[in-house]
Amino acid sequence: MSNLSNIPDGGDLPDRYRNVGEQIQAFFDFAENNPDRAVPFFVNIWETKASLTTRALALQGLGVAAKHYLVKEAFANWEVLKDIAKEVKGKGEVSNDLTRWAAASALEAIGYSQQSLQHLEGGGFTEPLDRIRREIRDRKLTEINRIPRLNSRGETTAEYERHLEFWLYGPADELLNDNDRSLNYQNLVGDVISKLHGRGVYLGLMSPNSIVQGAALRQTELIFKESAKIEEYLYGLLEEFLHNSNHETSLRIKAAEIINTTTDVNRRLTTLSKLLLEERNPKLHEVALRQAQSAFHHYAEDFIYGLLEEFLDNSYNEIALRIYAAEIINTTTDLSRRLKTLSQLLLEKIELRNAAVRLLTPYKQELTRVC
């Protein structure tokens, strides 16, 4: 691969990463944003490094860089095809299921024709790359409930560590999108999401599997306050998850509770507003009302009062929750505004009228001046 192996000057990727997810994202971002520099850098890794995980990332990075036309042109020769084909077949300098899967993915992304792949001077493949890649993935999925996570001393087994590395540096999204619900699967998913950090949260919240979503939310809670940058990134993911009515209510409530811990008060209030005024799930309304009650006297009382008043006026909301909103309103420091709002409930249905009478009874004298 001498025509692709000129190493760019200077360091292009850091030597240390805070977590696996950051490392993977750094490789992919480098390939996407600097493909001309990334290709020789990755090829050098592939040709000189023995680390299977780093080799797998370099191969996938080649696939990402190949999205760009000029880079794709550079791959249009038999030498490149033959070298990567060796890896797919497990005949590279050092190979395992992870590097085989990564090499197959890279060849797919580069986009060689089926005729080239079948040619003996190229890959000499007798089966489609997609089939090879899926076969590797499916075999690893069946191993989930065979490989012990811990030995008799409570230590992580070497076999499990290698298995975990396959999913961390390989098709993590396909693992997290699986519909398995076994205990072994849950343990593996928890380890993958934890080690992938923010990337794990992103992939987990995108999963259709509620077990995976729950693991992603637990990881979010652990890392949400690590830095302002992480909090901002995760907030967007949580908000999107929260407002998706297809997700389980209990998980959406968990997302709302994490969001309510953000240091950005304005953003928190915006989400609270959307929950109270646009959401139709009464259980989420109850959560939002509790949050509004907690925040009412600490900040933005006037803003929250307006939200509560609008919620109270909406006849589609449950009666019990509208009464809850009225009770929160009844704690405002603005007595005149409170009495006017509560007096309007006397024209509502009997449950709301009764609640209004109960809340207004202590203020009979004030009512004569206000109303």
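Keep in mind the model is a prediction, meaning the values are calculated, not measured. Along the sequence shown, residues carry numbers from 1.
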Is it the case that the side chain of Ser207 and the backbone of Leu176 share a donor-acceptor pair, with hydrogens and angles ignored and the cut-off at 3.5 Å? yes

Can you tell me if Arg252 uses its side chain to pair, donor with acceptor, with the backbone of Leu284 under 3.5 Å? no

Determine whether Trp46 and Glu87 satisfy the following criterion, side-chain hydrogen bond (donor to acceptor under 3.5 Å, both in side chains), listing intermediate values before the conclusion. CA-CA 10 Å; Trp46 184 23; Glu87 197 78 37; 3.1 Å; yes

Looking only at heavy atoms, the pair that brings Tyr17 and Ala26 closest together is CE2-CB, 3.7 Å

Hits for ring-ring contact (aromatic ring centres under 6.0 Å, His included) against His297, two or more places apart or cross-chain, chain-then-number order -> none

Taking only residues two or more places apart in sequence or in another chain, which ones pass salt bridge (Lys or Arg N to Asp or Glu O under 4.0 Å) with Glu165? none

Short side-chain donor-acceptor distance under 3.5 Å, Glu226 and His197: yes

For the pair Lys225 (side chain) and Thr261 (backbone), establish whether a donor and an acceptor sit closer than 3.5 Å, ignoring hydrogens and angles. yes

Please step through side-chain hydrogen bond (donor to acceptor under 3.5 Å, both in side chains) for the pair Glu161 and Thr156, ending with a clear verdict. CA-CA 7 Å; Glu161 288 176 351; Thr156 305; 4.8 Å; no

Would you mind reporting whether Leu275 and His285 have side-chain heavy atoms less than 4.5 Å apart? no

State, without any angle test, whether Arg290 and Tyr324 hold a side-chain donor-acceptor pair at a distance under 3.5 Å. no

Pair Arg338, Tyr305 - check side-chain hydrogen bond (donor to acceptor under 3.5 Å, both in side chains), show working. CA-CA 9 Å; Arg338 179 200 315 181; Tyr305 191 105; over 6 Å; no

Does Arg337 offer a backbone N or O that forms a donor-acceptor pair with the side chain of Asp334 under 3.5 Å? yes

Between Gln60 and Tyr169, do the side chains contain an N or O donor and an N or O acceptor separated by less than 3.5 Å? no

Give me the atom names and distance for the closest heavy-atom approach of Asn317 to Phe311. ND2-O, 3.0 Å

Just checking, any donor-acceptor pair under 3.5 angstrom between side chains of Thr249 and Asn281? yes

Looking at every heavy atom in both Ser273 and Leu307, which two are closest together, and how far apart are they? OG-CD2, 3.4 Å

For residues Arg268 and Tyr299, is any side-chain donor paired with an opposing acceptor at under 3.5 Å? yes

Donor-acceptor pair, side chain of Asp180 and main chain of Tyr185, under 3.5 angstrom: no

Does NZ or CZ of Lys254 come closer than 6.0 Å to the centre of the six-membered ring of Phe241, within 45° of the ring's axis? no

Relative to each other, are the rings of His163 and Tyr160 parallel, tilted or perpendicular (30° and 60° limits)? tilted

Any luck finding a side-chain donor-acceptor pair between Asn145 and Ser182 under 3.5 Å? yes

Fit a plane to each ring of Phe27 and Phe42, take the angle between them on a 0 to 90° scale, and name the class: parallel (under 30°), tilted (30 to 60°) or perpendicular (over 60°). parallel

Please confirm whether the backbone N or O of Arg139 pairs with a side-chain atom of Thr142, one donor and one acceptor, at under 3.5 Å? yes

